[in-house]
Amino acid sequence: MAMRLDSFGLTELAAKPEDAFRLAGLAMAEGRRIPGYGGDYYYYRMGDAAAVIRTRLDPETGEEELLGMDTHADTDCQWICRVVKDITPEDAGPLSRRVLVGLAGRDDLAAVDLLCADVLPDLREGDELRLGMAGFPLRISYDEGESGGVVEAQQNASLLQGVVKDAKVGESYLGLEPLTRFVSVTVSTPLGDVELCHPMELVAEGQRDLVKPGSVVSALCELSGNCAAGEYAGGIVFDEDRDWTALSAFFREGGGARLRPLLRSDCACTFLENRQEGQENALALLMMVREDLAAAGLNRCSTGRLTGEGVRGRRCLLLGNGEGFAFLCLAELDSLGRVRKLTITNDPALEFEPEADR
């Protein structure tokens, strides 16, 4: 959703479909692969600009399928914010998400297109996000004076006002070949610093001398937040908390393909008396179980802990409805945090205490 090559003066790189495919192919060949649950991303740095390619495996051919391309700034600006609402358009491409974000105790809200969103095990209201932040102005003004500091969501874009902390000439490259130059300013906002990238032509001629630190900038921007930041910089993180989060999302909403990276190739899954071995067989059983549970109205998930002797404190996932829990899911993980064994049972001998629902 954040395909803004024009902000870097790079429109010609994707002027024709064959040009866009050529750029995507280059990014996939030379970019940094970032694995996600439902697909992979390729981050290809082009100087101070970057292209981010979305891909997934075609279930019929097993080959990598190109889904789309986004752009970003190669920036150190980060926001730590919370998801207020998922506002992803119905026609958004696969692996694309848009959310409203904010901070506790503030009224400021921003509409942010998320890059590499599928590195997260789930994305729900209230989740904390660390985002590498860039903005692509649709219109912008530089002035003298003081800034009140504002961020206000406007459907697919956001109004923001802040103080310029740094201003530079951004440069884009393709390999060693210099391509374009553009304005890159770091702006302080109530939600954190954001790097705005735009051509100088977007600035009124009488304001161009004010593109410097200390000036007040007001802009209507498309904001882009890269989820592959902090501990997710390398992609998916496997551990007990995130594994349960991904499994909970599956039992609530489906999407079995997202579990594939989570399951070892020799994973075994048992549901009552039905045991399946191997990743694909285990996944097929899980998808069947999920469909049966959903048909029975058992789509409530909560984490819990066993309380019986010998297993006290062991983590589990509880499956049921508003009246109670009908099944209990246990997992055994390997040293890398991936699932080696998954057991779904209704054994009444297993005692448990549920944790708070989200």
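None of these values were measured; they are calculated from a predicted model. What you see below is based on every heavy atom in this structure, not just the backbone, and it leaves out hydrogens, waters and symmetry mates. Residue numbers start at 1 and run along the sequence shown.
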Indicate whether the side chain of [X] and that of [Y] have a donor and an acceptor atom separated by less than 3.5 Å.
| X | Y | answer |
| --- | --- | --- |
| S218 | Q161 | yes |
| Q207 | S141 | yes |
| E355 | T303 | yes |
| E64 | T55 | yes |
| S172 | T180 | yes |
| R242 | Y37 | no |

Give, for atom CG of L95 and atom CZ of R258, the distance between the pair rounded to the nearest 0.5 Å.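 Taking CG in L95 and CZ in R258, the distance rounds to 9.0 Å.
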Would you mind checking if [Y] and [X] are paired as a salt bridge, meaning a charged N to carboxylate O distance below 4.0 Å?
| X | Y | value |
| --- | --- | --- |
| R315 | D241 | yes |
| E231 | R130 | no |
| E222 | R4 | yes |
| R305 | E353 | no |
| D40 | R54 | no |

Considering only Ile, Leu, Val, Met, Phe, Trp and Tyr, and joining two whenever side-chain heavy atoms are under 4.5 Å apart, list the other residues clustered with L100.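 Joined to L100, directly or through intermediates: V84, I87, L109.
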I would like to know whether Y43 and D74 meet side chain to side chain donor-acceptor pair (under 3.5 Å); could you show each step before the answer? CA-CA 10 Å; Y43 185 96; D74 197 70; 2.8 Å; yes
Indicate the atoms forming the closest heavy-atom contact of F136 with H72, along with that distance.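 Shortest heavy-atom separation between F136 and H72 comes out as CZ-CA, 4.0 Å.
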Compare every heavy atom of A167 with every heavy atom of V185, then report the nearest pair and how far apart it is.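 Heavy-atom minimum between the residues: CG1-CB, 3.8 Å.
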What's the verdict on side chain to side chain donor-acceptor pair (under 3.5 Å) for D86 and T88, showing C-alpha distance, side-chain angles and the deciding distance? CA-CA 6 Å; D86 189 332; T88 306; 2.6 Å; yes
Under the criterion side chain to side chain donor-acceptor pair (under 3.5 Å), which of R340, R264, K341 is the partner of D334?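 By the side chain to side chain donor-acceptor pair (under 3.5 Å) criterion, D334 pairs with just one of R340, R264, K341: R264.
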Polar side-chain atom of R338 near backbone of P261 as donor-acceptor pair, under 3.5 Å: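 Present.
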